[in-house]
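The next block holds one structure in the form of structure tokens; read it before the comments.
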Amino acid sequence: MVLPTRCFSSLNPIIPSIPATSSSANEKIAPKMAPILRQTHKDSQESNGFCFCCSRRRFLGAGGAALLPIRASGASDSTSNDPKEMLNRVHPPRADWYEEFYAWAMNTFSKAYEAEIAAYKSELFANLRGQAKSVLEIGIGTGPNLKYYSGDMDFVYGIDPNRKMEKYAQAAAEAAGLPPDNFKFMQAVSEALPLGDASVDAVVGTLMLCSVKDVDLTLQEVRRVLKPGGIFVFVEHVAAQDGTLHRFVQGLLDPLQQFVADGCHLTRKTGKSIADAGFSGVDIHQVSLSSASLINPHVYGVAHK
């Protein structure tokens, strides 16, 4: 079985990830970036896909705080990091125009990829039906996975460090038929999930472990919030086989990729990280995709707590 990617469909130019700057610095940066933005938009329209990689996504429960297993600051969970402090530490605020542009680009240029991967995601997300009443998606981005969730879920939670993704994720939830009281977006990072221990039946993450700061800590957090018997559904791109030309090129371009794709790494062995994370069982598959270019191969599957 072949599973298409969602992160990159070609090695197109990407807008650099701009750290937080002063207003005067932003005034100097924005004019210089304008030609790059115009060229990137033009190049993206001419290509088969868009190279904005590894958007993180988010959504958390609405409909009454009593229904949300929100993790309190300073709680004695497996990690004592406060979610807000971790967000600022791991993903400092970007310039407002940049986060808005990135969210718009992810929503606009991922359609070809999502069309290619649809059949594979449908099969993968079938693991949630009848088993998951509460789901957390880490790195929800613009919400392209929401349409695969079954209608019998009680609550869908989601996180993403980019606050500008929220309006797109909310629209995707509405289009998927999720009642407003059953869905909420929350700005956070996966290294400090704002949920209590053993609070959800399933965690979903697609093309996001490539760009988190700490893969192992993220996987610890996934296991922490999962109920006993819960599942982690994942799709990730990983490093090519050692010794190949593909792997050499990935290593050569990895520093540039991290800069222009909001922290995305080309050379992570994410499949091994998931397999070694302490899950009771991992059903994992690997595939290369015709439209994925540099971000091949992919691993996908289900890990069981």
Side-chain angles (χ1 to χ4, degrees), residues 1-12 14 47-57 106 109-128 137-145 147-148 190 202-212 215-216 218-219 222 231-251 253-254 257-258 261-277 279 281-304:
M1 171 166 136
V2 178
L3 178 71
T5 113
R6 132 149 222 188
C7 195
F8 285 49
S9 48
S10 60
L11 186 60
N12 296 331
I14 317 173
S47 68
N48 291 327
F50 188 68
C51 189
F52 267 95
C53 183
C54 316
S55 87
R56 304 145 214 166
R57 350 226 185 272
M106 287 298 302
F109 297 107
S110 63
K111 292 179 173 57
Y113 167 80
E114 291 299 333
E116 183 184 2
I117 200 174
Y120 304 97
K121 279 191 174 181
S122 293
E123 182 174 343
L124 189 60
F125 280 79
N127 290 281
L128 302 178
E137 184 168 349
I138 48 179
I140 187 177
T142 58
N145 294 329
K147 61 186 176 184
Y148 299 103
S190 57
V203 175
V204 172
T206 60
L207 299 190
M208 52 77 56
L209 288 175
C210 58
S211 58
V212 300
V215 175
D216 292 336
T218 293
L219 292 172
V222 169
I231 59 173
F232 173 43
V233 176
F234 60 89
V235 179
E236 297 292 340
H237 69 84
V238 297
Q241 184 177 352
D242 289 343
T244 62
L245 177 61
H246 192 173
R247 177 63 181 82
F248 173 77
V249 174
Q250 286 179 332
L253 297 180
D254 193 51
Q257 175 73 359
Q258 293 176 45
D262 204 15
C264 170
H265 293 69
L266 295 172
T267 58
R268 283 182 173 172
K269 298 182 178 181
T270 307
K272 184 177 187 305
S273 296
I274 295 172
D276 295 343
F279 291 100
V282 179
D283 180 20
I284 189 168
H285 308 273
Q286 179 171 304
V287 64
S288 291
L289 308 167
S290 60
S291 63
S293 184
L294 198 61
I295 61 161
N296 268 316
H298 274 53
V299 294
Y300 65 98
V302 179
H304 302 263

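No hydrogens, no waters, no symmetry mates; every other heavy atom, side chains included, goes into these values. For reference, positions follow the sequence shown, starting with 1.
Looking at every heavy atom in both residues, Val212 comes nearest to Leu209 through CG2-O, 3.6 Å. Residues Ala202 and Leu128 come closest through the heavy atom pair CB-CD2, 3.5 Å. The shortest heavy-atom contact between Val282 and Ala275 is CG2-CA, 4.2 Å. Among all heavy-atom pairs drawn from Ala303 and Phe234, the shortest one is N-CE2, 3.9 Å. Contact between Pro297 and Gln286 at its shortest, heavy atoms only, is CG-NE2, 3.7 Å. Counting all heavy atoms, side chain and backbone alike, Thr218 lies closest to Met208 at CG2-CE, 4.4 Å.
Side chains of Gln258 and Asp254: a donor-acceptor N/O pair is present below 3.5 angstrom, by distance only. Side chains of Gln257 and His265: no donor on one and acceptor on the other come within 3.5 Å.
Remark: Asp283 engages His285 in a side chain to side chain contact (heavy atoms under 4.5 Å, CB included) (not counting sequence neighbours). Partners of Asp276 under the salt bridge (charged side-chain N to carboxylate O under 4.0 Å, His left out) rule, at least two apart in sequence or in another chain, are Lys272. Remark: Val203 pairs with Leu136, Ile138, Val200, Val222, Val225, Leu226, Phe232 by the side chain to side chain contact (heavy atoms under 4.5 Å, CB included) rule, at least two apart or across chains.
We find that Glu114 and Lys121 are joined by a salt bridge, their nearest charged nitrogen and carboxylate oxygen being less than 4.0 Å apart.
In this structure, CG in Leu219 is found 8.5 Å from OG in Ser190, a value given to the nearest 0.5 Å. Summarising the geometry, atom NE2 belonging to His298 is positioned 9.5 Å from atom OG belonging to Ser288; distances are rounded to the nearest 0.5 Å. Distance check, rounded to the nearest 0.5 Å: OG of Ser211 to CZ of Arg268 gives 7.5 Å. From His246, atom NE2 reaches atom CG of Asn296 across 6.0 Å, with rounding to the nearest 0.5 Å. Put simply, CG on Leu266 and CD on Gln250 are 5.5 Å apart, with the number rounded to the nearest 0.5 Å.
Counted within 6.0 Å of NZ on Lys269, heavy atoms from surrounding residues, nucleotides or ligands total 12 or fewer; the atom is thus considered open.
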Practice task
Show your working on side-chain contact (heavy atoms from CB on, under 4.5 Å) between Thr267 and Val238 and close with a plain yes or no.
Solution key: CA-CA 6 Å; Thr267 58; Val238 297; over 6 Å; no
Problem - Stepwise side-chain contact (heavy atoms from CB on, under 4.5 Å) check, Val204 with Tyr148 - result: CA-CA 11 Å; Val204 172; Tyr148 299 103; over 6 Å; no
Practice task
Could you check Ile284 against Tyr300 for side-chain contact (heavy atoms from CB on, under 4.5 Å), going step by step and ending with a plain yes or no?
Solution key: CA-CA 6 Å; Ile284 189 168; Tyr300 65 98; over 6 Å; no
